[in-house]
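First comes the structure, then the notes that go with it.
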Amino acid sequence: MLYLNTEHLEHLDLPWNLCIETIRRTVHVMAAHEFSQPIKPYLLFEQDPSSRIIAMPAYVGGEIGMAGIKWIASFPGNHARQIPRAHSVTILNDSGSGKPLAMINSPLISGIRTASVSGLMIQEYEKVHPWTDKIIAGMVGFGPIGQLHLSMLTQLLGDRLGGLRIFDQNPDVLQHIPDGLNARVQCVGSWEEAYEGANLFLTCTISSSGYINRKPRERSLLLNVSLRDFTPDILDYTSAIVVDDWDEVCRANTDIEHMSTHRGLKKEDTVSIVDVVCSNGLAKFPAHEAVMFNPMGMAAFDIAIGSLFYREALSAGCGEELEE
Ligand SMILES: NC(=O)c1ccc[n+]([C@@H]2O[C@H](COP(=O)([O-])OP(=O)(O)OC[C@H]3O[C@@H](n4cnc5c(N)ncnc54)[C@H](O)[C@@H]3O)[C@@H](O)[C@H]2O)c1
């Protein structure tokens, strides 16, 4: 069994386009129903309701051909302990024999998966609504997930990224903005300054309830990665709601669950990422409306990104072989 840690993954340094392409291929495998992904169980702790560990098993058939599980812990109280909030281990199993092939001990794999899914949505959005001017992006929350999104955005959009306004409650994290980007990345003092006028907007906070209640820019893309930042008022401004998996995302106090409870949003009002990639799903929404993507995070994508890194590690001779 191959053991990979953060250092190994960073050493491989795979380009974002390759990771995004892997997510796209996985979506096609899902459209062909060649996958299995049971609903995630949440392990909760009654003394600390904000903490959880989630089990995310999946089998992805077709050209990915891998099974496995991600076991991911989120402990927001870790910030006070000066350790990262999220920790995760991904195990990959041979889908023919069940034999464990790899253990990836790193939250980085989960972060790369998350930013790659966002990258795929950007590519799909641009096919239907190409941005003709420079892209003005806004982001709230600049922890590890926000930082990986910045890396993805700069590689994917290149010079077309005209500017990025970032708001984080903790100004210390802004030291993680790479020096070469200082001319284009601006730190702002409120979510409103990051949000107003942005034609690409991302939430990467650990907010527990929605606060963004203003009209988004028309023809913008909202990537609601942290899932609990918008109030249901967003439905006053757009009907273009995209999810990765309705049954997963319409629970656990997400903005989608609140839209469903307070505003009657139903699964059939939304389109899924499979619809977007395989059936031109974005075309059904009015062109001027902002598109809002709500990804709960799919185990199938973790297994696909894990197997990409595993295969690349094997060919590069990277990682540590563990004895049975
Ligand atoms: N949808 C998905 O597939 C997916 C996958 C992975 C992570 N996530 C989510 O992404 C979020 C970010 O993850 P992370 O690992 O970077 O978390 P983190 O806790 O390490 O960092 C979060 C950052 O956001 C800042 N922040 C928190 N609340 C804020 C607010 N209201 N306004 C501005 N800044 C705020 C914090 O200061 C911190 O710098 C988490 O909510 C996590 O659950 C989603």
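Just so it is clear, the values below take in all heavy atoms, side chains as well, and ignore hydrogens, waters and symmetry mates. Both ligands and their constituent atoms are indexed starting at 1 by order of listing.
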Under 4.0 Å to a heavy atom of [X] - the qualifying atoms of ligand 1, by number:
| X | result |
| --- | --- |
| G297 | 3 (O) |
| N170 | 37 (O) |
| I206 | 17 (O), 19 (O), 27 (C), 28 (N), 40 (C), 41 (O) |
| R113 | 2 (C), 3 (O), 5 (C) |
| S226 | 11 (C), 41 (O) |
| P295 | 1 (N), 2 (C), 3 (O) |

How far is [atom] from the closest protein heavy atom, and which atom is that?
| atom | answer |
| --- | --- |
| atom 40 (C) of ligand 1 | T205 O, 3.2 Å |
| atom 44 (C) of ligand 1 | V225 O, 3.2 Å |
| atom 15 (O) of ligand 1 | R85 NH2, 2.8 Å |

> Could an N or O of ligand 1 be found under 3.5 Å from any N or O of V173, whether backbone or side chain?
Replying inline: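 No; the residue has no nitrogen or oxygen that sits under 3.5 Å from a nitrogen or oxygen of the ligand.
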>> I want to know if ligand 1 touches D229 in the polar sense, i.e. an N/O pair below 3.5 angstrom.
In response: no
Relative to [atom], which among [options] owns the nearest non-hydrogen atom?
| atom | options | answer |
| --- | --- | --- |
| atom 32 (N) of ligand 1 | F301, F142, W191, F167 | F167 |
| atom 39 (O) of ligand 1 | L148, D168, V249 | D168 |
| atom 30 (C) of ligand 1 | Q169, R52, H176 | Q169 |
| atom 22 (C) of ligand 1 | G141, A86, C204 | C204 |

>> At under 4.0 Å between heavy atoms, is it the side chain or the backbone of R228 that contacts ligand 1, or both, or neither?
In response: neither
> With a 4.0 Å cut-off on heavy atoms, does Q147 reach ligand 1?
Replying inline: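 No, that is not the case, since the closest heavy atom of the residue is not under 4.0 Å from the ligand.
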>> For F293 and Y125, I'd like to know if the aromatic rings sit close, meaning centre-to-centre distance below 6.0 Å.
In response: no
> Going through the checks in order, is the side-chain hydrogen bond (donor to acceptor under 3.5 Å, both in side chains) test met by D255 and N224?
Replying inline: CA-CA 9 Å; D255 296 338; N224 189 17; 2.9 Å; yes
